[in-house]
Amino acid sequence: MPVITFREALRQAMDEEMARDDRVFLLGEEVAQYNGAYKVTQGLWEKYGDKRVVDTPITEEGFTGLGVGAAMVGLRPIVEWMTLNFALMAYDQVVSNAAKTRYMSGGQFKLPMVMRGPNGPAEYLAAQHSQALQSIFAHIPGLKVVSPSTPYDAKGLLKTSIRDDNPVIFLEGELMYAWKGEVPEEEYLIPLGKADVKREGSDVSLVSYGKPMRVTLEAAEKLEKEGINAEVIDLRSIKPLDEEAVYASVRKTHCCVIVEESWPFASVGSHLGWLISRNAFDYLDAPVEMVASEEVPMPYNHKLELAVQPQVPKIVAAAKKVLYLDN
Amino acid sequence: MSLVKKYGKETTLSLLQSMLLMRRFEEKAGQMYGLRKIGGFCHLYIGQEAVAAGTIGALDLKSDYIIGGYRDHGHALAVGMDPKAIMAELYGKATGCSKGKGGSMHMYSAEKHMLGGNGIVGSQIPVGTGVAWKIKYMEENGVVLCYFGDGAIHQGAFHESLNLAKIHDLPIIYIVENNQYGMGTDFKRVSAVHDLAQMGYAYDIPGKQLNGMQVMEVYDEFVNAVKSIREKPHPLFYEIKTYRYRGHSMSDPAKYRTPEELEEYKQQDPISILLKQMQEEKLITEKEYKKMDNDIKAICDEAVDFAEKSPEPELSALYEDVFAEA
Ligand SMILES: Cc1ncc(C[n+]2csc(CCOP(=O)(O)OP(=O)(O)O)c2C)c(N)n1
């Protein structure tokens, strides 16, 4: 099976879907002639031309809203946000229009659009450019929120997202674009709302999604060396959320650590923690632990910046805590 | 030749009828609001009817679209949505055009190409731009009319949209319905320029001011504008000067303006003006007008009756229409 980058997997997904359906078009800053700020859209403009791969001015609200309007009347836009940080400028269009038009119109309109781009901390970019914003999107009814962790998942999930008749926020990570993985040549789709067991285990459930999956898997390996057998669940999509996969794992291991890189207050992880405590309470041997971002704006300094984020030692410590193995 | 004569009986009658329907419908809506049958915000369009009638009258809604703000009852009626469904929506009933989930500010009809009212000031402007994008993309022959108030024109959404529309030659007409007030704020207090028609020039989109009390002027201009866009897609921008007789919403006593000012505008009522012009050209008799008015009043009564008798949405509808099924 070919080994390709996360970036290439995303590009293949868009390319295949654009070839398949004329209504799919791509717009955003630098997506066309510059080949994408992070080169995700490389080659698409050469292939599909000005009509379908469109460079926009730096007007997130304007072009995101344009995508909403186009989707309302039958096109299938992919809006690239250079990063999710700038999507805050478009937040009104996402929340007031993309998420709600279907409901407010009594189901008369579909909003088949994907809004995608890198989310989450990068390196040395400080507070305005390094934040994980999934919780504020996941908070809004009417949006689907997808967060892949491997090239394979990225391609299958993005293709499904493009075919979905609803607005999908598709979260990538700037530092993930160069990650490599096996991706088959033949077409495949991954349904939204199906978590994936990335590692089978019986002692503790580690639940994560997106970029922190990598440190979570590393932590599982570390734990393995200490004789602790961790199961790692990758949510893959935040909304819809595969609760059952999480409960099944908790029923097996009886303890759970949630790992995410967003702030913990009112976050995806804290919500999941509540769900587990409500729906799998009888299976828990310990309170659910969460390893999230520290509750601070991201510092520029690299040492501090790393300390803010979920790291292997924090996850290992949390796992030992729920197993009552600490101290 | 007068415009009334130029366009003849059929067109003028339909414009008159359209405006009168908006007027009577909203008088009824206002009354029902007073009786607490209608809740929430309710922004009446009374006084501004010539804008919706004159602009939408120039469209072919098989290919064209409209989108606007929260003062949207008039536009919904002008595109030919069923007054019953609109009234039922105001009542929040299951039979409403948005199944009771939209209310006053969210009148939608996919069938009539009415892409809604929008409750966020200016939020519809980029969306309308996207609808024009689709027309161009699919090489269709349509035009989008995108309405907003003088209060929305300073937003980034407006400026971002005009720029996009110009660089892509999108078939869209941006219409600022300048009724002179954003809630209680005289637009002159918050606008660096008072001639809003200038605001398109920064994007090389010529702007034109129209008298929104004169429906025939608006209609005539839009017939030509729409035609020019069909020949070769491009954006246009109009400031249509108008006035709302009522407060911003039902809860606003409109103390920020004088009774004299209001009276002055009522003297140029768009419905009376057209009626007078038609009478002068012998296109309508007093008797015919009375009959039209009575028929329209009956339609509005029926709409109320329908709304009254319609069922509330089922509780199960709460979770419906959040997502499209795969
Ligand atoms: C973004 C936003 N800010 C504020 C409001 C509250 N608000 C509702 S209507 C309005 C005045 C808008 O006036 P204008 O655009 O001139 O429209 P008009 O009511 O005159 O038709 C305001 C401030 C809002 N709905 N959305």
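Please read these numbers as outputs of a predicted model, since none were measured by experiment. Quick note on labels: first sequence line is chain A, next is B, and so on, each numbered from 1.
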The interface call for I167(B) against chain A, heavy-atom contacts under 4.5 Å, is side chain
Among K51(A), R163(A), R52(A), the residue with the most heavy-atom pairs under 4.5 Å to chain B is K51(A)
Under 4.5 Å to a heavy atom of chain A? For H168(B) that would be side chain
Applying salt bridge (charged side-chain N to carboxylate O under 4.0 Å, His left out) to E26(B) and not counting sequence neighbours gives none
Applying a strict 4.5 Å limit to non-hydrogen atoms, the region of L111(A) in contact with chain B is neither
So, the part of L318(B) with a heavy atom under 4.5 Å from chain A: the answer is both
So, the part of R23(A) with a heavy atom under 4.5 Å from chain B: the answer is both
### Task
Indicate, with yes or no, if the rings of W133(B) and F25(A) have centres closer together than 6.0 Å.
yes
Within residues 69-95 of chain B, contacts to chain A at heavy-atom distances under 4.5 Å involve none
Where the side chain of Q42(A) meets the backbone of N35(A), is there a donor-acceptor pair that is under 3.5 Å apart? no
Bottom line for K144(A): the part with an atom under 4.5 Å from chain B's heavy atoms is both
Honestly, the part of T64(A) sitting under 4.5 Å from a heavy atom of chain B is neither
Turns out that what part of D22(A) lies under 4.5 Å from chain B's heavy atoms comes down to backbone
| said: Students often mix this up, so state it plainly: with edges at 30° and 60°, are the rings of H43(B) and F41(B) parallel, tilted or perpendicular? | reply: tilted
Lys/Arg cation over aromatic Y188(A): K159(A), 6.0 Å, 45° cone | no
inquiry  = For Y103(A), does the six-membered ring have the charged nitrogen or CZ of K101(B) within the cation-pi criterion, i.e. under 6.0 angstrom from the centroid and within 45° of the normal?
reply    = yes
Within the distance-only criterion (no hydrogens, no angle test), does the side chain of D64(B) pair as donor or acceptor with the backbone N or O of V143(B) below 3.5 angstrom?
yes
Counting heavy-atom pairs under 4.5 Å with chain A, the top scorer among A157(B), G156(B), S123(B), G102(B) is S123(B)
Pair count under 4.5 Å, heavy atoms only, with chain A: among S109(B), G96(B), C97(B), highest is S109(B)
Polar side-chain atom of S267(A) near backbone of S270(A) as donor-acceptor pair, under 3.5 Å
yes
From the list T129(B), D321(B), V322(B), N163(B), the residue making the most non-hydrogen contacts under 4.5 Å with chain A is D321(B)
Run the salt-bridge test on E17(A) and R76(A) with the 4.0 Å N-O cut-off and return the result as yes or no.
-> no
Most contact-rich option vs chain B, by heavy-atom pairs under 4.5 angstrom, among E61(A), M72(A), M104(A), is M104(A)
Okay, Y65(B) and chain A: the region with an atom under 4.5 Å from a heavy atom over there is side chain
Just by distance, with hydrogens left out, do W45(A) and D50(A) show a side-chain donor and acceptor under 3.5 Å apart?
yes
Check the surroundings of atom CE in M138(B): do more than 12 heavy atoms from other residues, nucleotides or ligands lie under 6.0 Å from it?
-> yes
### Message
Checking Y38(A) against E172(A): is there a side-chain donor and acceptor pair closer than 3.5 Å?
### Response
no
### Task
Without swapping roles, check the side chain of T160(A) against the backbone of L189(A) for a donor-acceptor pair under 3.5 Å.
no
Whatever's closer than 4.5 Å to a heavy atom in chain A on L164(B) counts as side chain
